[in-house]
J.: 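Got a structure here, written out as structure tokens. Questions coming.
Letters A, B, ... are given to chains in the order of the sequence lines, protein chains preceding strands, and every chain is numbered from 1. Predicted model, so just to flag it, every value in this text is computed and none were measured.
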2 protein chains.
Amino acid sequence: MARRPANPISESMDDYLKAILVLGGSEGKKVTSTALARRLNVTPASITNMLQKLAASTPAMVQYERHHGVQLSSAGKKRALEVLRHHRLIETFLYEVLNYPIEEVHDEAERLEHFISERFEERIAAKLGHPKFDPHGHCIPALDGRMPKDSSMRLTDVRDEGTFIIDSISDIDARILKVLKVRGISPGVQLRVRDIYEDHGYAVSIGSSKKILQLSQADSAAIKIQPM
Amino acid sequence: MARRPANPISESMDDYLKAILVLGGSEGKKVTSTALARRLNVTPASITNMLQKLAASTPAMVQYERHHGVQLSSAGKKRALEVLRHHRLIETFLYEVLNYPIEEVHDEAERLEHFISERFEERIAAKLGHPKFDPHGHCIPALDGRMPKDSSMRLTDVRDEGTFIIDSISDIDARILKVLKVRGISPGVQLRVRDIYEDHGYAVSIGSSKKILQLSQADSAAIKIQPM
DNA sequence: TACTCGATTTAGGTATGCCTAAATATTAGG
DNA sequence: CCTAATATTTAGGCATACCTAAATCGAGTA
């Protein structure tokens, strides 16, 4: 029964799989080349190349039809969740154990996630008490890949004034993360939408404070919320 | 004064520099291609290629004359010491903070050393209290690259019975490391040489114990000692 | 001094993963 | 339903870092 060995998964392949996952390319939805190109900071041509490779590998990591987007196969999704788990555990570790400033954990985790062993993962998870959320409020996939469904919504989808709980903050832009930190905007905090400037941001207040904060559109786009 | 930027140092280049340092290619001594090839598990041809590259980079990382070996330039030595510091700090961290078994720290550190930031280094050094030695007994270079001179000798150079203190254990072979661990051979322990089997190993005893342990030549070669 | 053998270098080739420019497919508007 | 604008793919290149096979060098010995 000479089962041929699964071909190795490179660091780059991992990055692509994780990006597809985060952009929603599991559960039937498809992701476009352009969206991937933007997220990964490479040209669309490079995306096409890699998608062909991911589709051709054994087992196939994605389902891909040219000009019609990609989505993860079950093997691809499994792998992407492993990488995401690594990433978020490392972020939590850097924040909790090594006292990193929140806006620095992402870049470091982004590099390290490809190189830590299963043992490293196991040890930091144990040290942290098997956390369910990273410091940005994002859910950490379990070892078996299970992850509760995310019921949060984007602040930028809000059309009416109201009160919410901050669910999570996107970690990709350190600058925004720092801006939000100094304004007290972090997961779990209550956020009241006071005014909406169509496509130009929001006026909000935090907790029980009456102070009004102006958030740019870019800042607002990094915030996910839950209705109270 | 458009100073041209120093060209980037790749992960591979770091590996070569570190290998040259450890094989003694600082302080005037030269290292042969073959020795490097053996240590890095690549062919001699690959070594030649990389040495040419290291010699041609700005600033030059090594001095290299074909057929006559290499040695580190001051820039190369500085860099190699940085990488070695990373490596040994990470080993110490894995052992002390994450409770790794000693025989597993090397391989993990070998991968991670290339990817941690200055911040990561600074934080783990602080957390560990700026240690001077790694768990194998090797000296950790200071931030400025200074490192006390190593006055230890190889157990395999011992020709007469006598008593010594174990200085350090080579970390490159996990199997040997584990064998030595279960026999109680670790840095700081007293080791008595009882019998010498020319090129076939040693009979030793540990601490105040009378029990005689047989060490193979390979096991012995991993041990460095200090006269008492 | 010349020869031989081991050490080293050169030449040429592989794979990854990125790029640009040119070609082509899809989609939305008229 | 056709066309323009946009999205995507193809083709051809570059750099890194490794390999093998075929030269070539150099140190010790006859």
Side-chain angles (χ1 to χ4, degrees), chain A residues 4-20 23-25 29-58 60-71 76 79 83 110-111 113-115, chain B residues 4-20 23-25 29-58 60-71 76 79 83 110-111 113-115:
Chain A
R4 98 180 48 110
N7 19 24
I9 302 178
S10 68
E11 186 187 340
S12 259
M13 290 166 80
D14 275 344
D15 285 334
Y16 280 77
L17 294 174
K18 193 176 56 149
I20 297 169
L23 292 178
K29 276 204 297 179
K30 306 214 164 183
V31 174
T32 66
S33 300
T34 321
L36 277 170
R38 251 199 312 276
R39 182 160 185 109
L40 294 171
N41 282 312
V42 298
T43 61
S46 304
I47 300 288
T48 300
N49 266 308
M50 184 57 93
L51 293 186
Q52 289 171 342
K53 189 171 159 185
L54 288 168
S57 79
T58 315
M61 288 295 154
V62 300
Q63 289 151 247
Y64 167 60
E65 246 185 316
R66 54 200 203 126
H67 295 285
H68 294 285
V70 255
Q71 64 188 101
R79 178 67 182 200
V83 179
E110 191 74 16
R111 265 174 295 121
E113 66 190 6
H114 301 293
F115 307 108
Chain B
R4 94 182 54 107
N7 20 24
I9 303 177
S10 68
E11 185 188 340
S12 261
M13 289 166 81
D14 275 343
D15 284 335
Y16 280 77
L17 293 174
K18 193 176 58 151
I20 297 169
L23 292 177
K29 275 204 296 181
K30 306 216 167 187
V31 174
T32 66
S33 299
T34 323
L36 277 171
R38 252 200 311 277
R39 179 155 187 114
L40 294 171
N41 283 311
V42 297
T43 61
S46 303
I47 299 290
T48 299
N49 266 307
M50 183 58 91
L51 294 185
Q52 289 172 340
K53 189 171 159 185
L54 287 169
S57 80
T58 314
M61 289 293 154
V62 301
Q63 288 151 245
Y64 166 61
E65 247 185 313
R66 50 199 205 130
H67 295 285
H68 293 285
V70 256
Q71 64 188 105
R79 177 69 182 198
V83 179
E110 192 73 15
R111 266 174 295 122
E113 65 189 7
H114 302 293
F115 307 107

J.: If you measure from CG on B/D14 to CD on B/E113, what distance do you get to the nearest 0.5 Å?
T.: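 These two atoms lie 7.5 Å from each other.
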
J.: A/H114 has an atom NE2; how far is it from atom P of C/dT16, in whole Å?
T.: 17 Å

J.: Among D/dT16, C/dC19, C/dT16, which nucleotide sits nearest the side chain of A/S10?
T.: C/dT16

J.: Distance check needed: D/dC18 C1' versus B/I47 CD1, whole Å only.
T.: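 After rounding, the gap between these two atoms is 11 Å.
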
J.: Should A/S12 be listed as having a side-chain N or O under 4.0 Å from OP1 or OP2 of C/dC18?
T.: yes

J.: On the nucleotide C/dA15, are OP1 or OP2 found under 4.0 Å from the side-chain N or O atoms that A/K53 carries?
T.: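 No.
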
J.: Expressed as a whole number of angstroms, how long is the span from B/Q52:CD to D/dA17:C1'?
T.: 14 Å

J.: Does C/dA7 have OP1 or OP2 sitting under 4.0 Å from an N or O in the side chain of B/S33?
T.: no

J.: Could you tell me how far apart A/L51 (CG) and C/dC18 (P) are, to the nearest whole angstrom?
T.: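 Rounded to the whole Å, the gap is 11 Å.
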
J.: Taking the side chain of B/T43 as its heavy atoms from C-beta onward, which of C/dT20, D/dC18, D/dC19 lies nearest to it?
T.: D/dC19

J.: So, is A/T48 near the phosphate of D/dT10, with a side-chain N or O under 4.0 Å from OP1 or OP2?
T.: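 Indeed not, no polar side-chain atom of A/T48 lies that close.
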
J.: Tell me the interatomic distance from B/L40, atom CG, to D/dC18, atom C1', rounded to whole angstroms.
T.: 12 Å

J.: Could you state the interatomic distance from OG1 (B/T48) to CZ (B/R66), rounded to the nearest 0.5 Å?
T.: 10.5 Å

J.: Would you say D/dA17 has OP1 or OP2 under 4.0 Å from some side-chain N or O of B/S46?
T.: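 Checking B/S46 against D/dA17: no side-chain N or O falls below 4.0 Å of OP1 or OP2.
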
J.: D/dA17, D/dT9, D/dA21: which one has an atom nearest the side-chain heavy atoms of B/A45?
T.: D/dA21

J.: OH of B/Y16 to CD1 of B/I9: how many Å apart, nearest 0.5 Å?
T.: 15.0 Å

J.: To the nearest Å, give me how far apart CD (B/E65) and P (D/dG26) are.
T.: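 Spelled out: CD on B/E65 to P on D/dG26 is 10 Å.
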
J.: Might you work through the side chain to side chain contact (heavy atoms under 4.5 Å, CB included) test for A/M50 and A/M13, ending with a clear yes or no?
T.: CA-CA 7 Å; A/M50 184 57 93; A/M13 290 166 80; 3.7 Å; yes

J.: Of the candidate nucleotides D/dT9, C/dC19, D/dC19, which contains the atom at the shortest distance from the side chain of A/H67?
T.: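 It is D/dT9.
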
J.: B/V42 has a side chain; which of D/dC19, C/dC19, C/dT26 sits nearest to it?
T.: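 From the listed options, D/dC19 comes nearest.
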
J.: Could you tell me how far apart B/R66 (CZ) and C/dT10 (P) are, to the nearest whole angstrom?
T.: 5 Å

J.: To the nearest 0.5 Å, tell me how far A/L40 CG sits from A/S33 OG.
T.: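 Reported value, rounded in 0.5 Å steps: 11.0 Å.
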
J.: How long is the line joining OH of B/Y64 and P of D/dC25, in whole Å?
T.: 13 Å

J.: Looking at A/Y16, does any N or O in its side chain come under 4.0 Å of the phosphate oxygens OP1/OP2 on C/dT16?
T.: no

